[in-house]
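First listed ligand is number 1; within each ligand, the first listed atom is number 1. These numbers were taken from a predicted model, which means no experiment stands behind them.
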Amino acid sequence: MDHAHDDQLFAMRHSLAHIMATAIQELYPSTKFGIGPVVENGFYYDVDVEPRLTEEDLPKIEAKMKEVIKANYPFEHSTMGLDEALGFFKGQTYKIELINDLKNHGTTVAKDIDRSVIGASDEAKVDEVGIYTDGPFTDLCRGPHVESTSKVGAFKLMRLSGAYWRGDEKNAQLQRIYGVGFTTKDELFKYLELLKEAEKRDHRKLGKEMDLFVFSDLVGAGLPLFTPRGTVIRDELNNFSQELQGKGGYQRVAIPHMTKVELYKTSGHYDKYPERFSVTSFESDDEFMMKPMNCPHHTQIYASRPRSYRDMPIRYMETTVVYRDEKAGEMMGLSRVRAATQDDSHAFVRPDQIESEFESIFNMIKIMYTDVFDMPYRVRLAFRDDTDKYFGDIKLWNSAQASIQKIADKLGVKYTIEEGEATFYGPKIEFVVKDALGRENQCGTIQLDFVQPERFGLEYTDDKGQMVRPVMVHKALLGSLERFMAVMIEHYAGAFPLWLAPEQIRLAPINDSKEIMDYTYELKAKLTAAGLRAEVDSSVESVGKKIRAAGLAKVPYTLIIGEQERESGKMKPRLRTGHARSDDEIGELSVEEFVAKLAQEVADRSPKSLLS
Ligand SMILES: [Zn+2]
Ligand SMILES: [Zn+2]
């Protein structure tokens, strides 16, 4: 999408907010209007309507909007002095409040209100406001708009929700009407289809249906509990991450989940985590907290003995939980939790090792996301700008940033440089992964850190016998395992590749005769012994129903066990995509061939079936 297109779409969506307000004013003349900004994919308007609107009113408002669009009213701009505006908007309580704020303070104060939607200019001093009129409706506004009401593309009203005036719960609760708007009907249709598909794949819905994780009111919000099936996925993801890191020279360490607060006062993080969880001790005068991160703890393992330049890099990895208190309203399934498990790691490196360390990590990311997950990703290089808010030697910063960029170029990854987005303690690299629906998720991160080594006085002896500071490299390949699981569930729509599937093989005996059942369980024992996860469908349902049930449970392979299979010791596995269709059948295989193929598919963490 080019920039001109974006601007035009913005004007369309913004104009749609006016058109919706026009329709509402026509339908409910006593309505008081709040504000109506553009949001992602569309727009909303906050309104105070008596009696309150319900979802059933949306089609009526849509129909009225279509009349306004058809009338093709031009958007006419004018300005009004503040006192004139106060007179004009008399009775429009919320608009009057905004105009009065402009008059008295030169601003509308509330942070959540975009000044442009209320007609104010960027100047602090305001003596007039912008006004736009389309047919019967006039609003405080600064634009931009389309030329006339017919030029707004395609739209749909989506939902109603409550919204406090100016986001403050002490204020009146208005109703927020959300709509989406696109340049063409086709784009709108595609967006609505995507929403439908996203709903079907919602990890909260699939997590329940597939028995992967649960929440308990007794345990608390944002604290997911993983079932045996969900734990398989978690463990497989974590094993993969640790295996990759192990090959990269990382060693496992383990730390407790609470600490004296002094650790975080020393690291400088204490004040940065107001959402920390405190822990009370009755025995000790010390103040404790649950750990919101792992790095400060890992520095204490590094600092526990003298280090030489020959030992570097020293790399620790640990998959462990960090605790951050999220607001109750902000927690969502596995995407936003209070206890997040990270595949965290910290490497302590010499400055001359930064480049090779980054190359090694970029390669891990490539194996993980390209070879195994088969998901496209882009890289954000968050670098410093010229301001002086950064800590550490400018020469070290520059050479580190140059090294990072050099590696990205060398490996041919798609990246953007985000100047000014580095943290104060070092440049940062974010990996943004695109899922099957084209949605982007930030998963892995690498962070260079010049500050914690300083704060904790970390040292090693260099080749001249001098004590010098190492640089710390923080890294998470998956990020939060909970969030990553949510991404995986939605990306695969629950149809996991073999290595991640909680149940890999479903055995479906055609009847419950002793011979068939004995053979089925014998086969299950063989598969289990080969490290595969197999289950028997021992229900009395027909084979057709058993095949359908396995399909619904998204089990990768189904084996029908009948007299013929028992006698020949061969099988015709069915692939997950299949229901009762013969073209999903794979040719006949012996048990040994089947086991060998599947073991290979798991070992490769293959995104595709090796039998198809
Ligand atoms: Zn406007
Ligand atoms: Zn860290």
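- A ring-centre distance under 6.0 Å is found for His297 and Tyr264.
- The Zn ion (ligand 2) forms the vertex of an angle spanning SG of Cys295 and NE2 of His346; to the nearest 10 degrees it equals 100°.
- Here the straight-line distance linking atom SG of Cys443 with atom CZ of Phe431 works out to 11.0 Å at 0.5 Å rounding.
- Around the Zn ion (ligand 1), the angle linking His145 (NE2) with His18 (NE2) is 90°, rounded to 10 degrees.
- Minimum-distance N/O/S atom of His474 relative to the Zn ion (ligand 2): ND1.
- Side-chain atoms of Asn239 come within 3.5 Å of backbone atoms of Asp235 as a donor-acceptor pair (strictly under, hydrogens ignored).
- Phe33 pairs with exactly one of Tyr94, Trp165, Phe89, Tyr45 by the ring-ring contact (aromatic ring centres under 6.0 Å, His included) rule, that one being Tyr45.
- Geometry at the Zn ion (ligand 1): NE2/His14 and SG/Cys141 form an angle of 100°, nearest 10 degrees.
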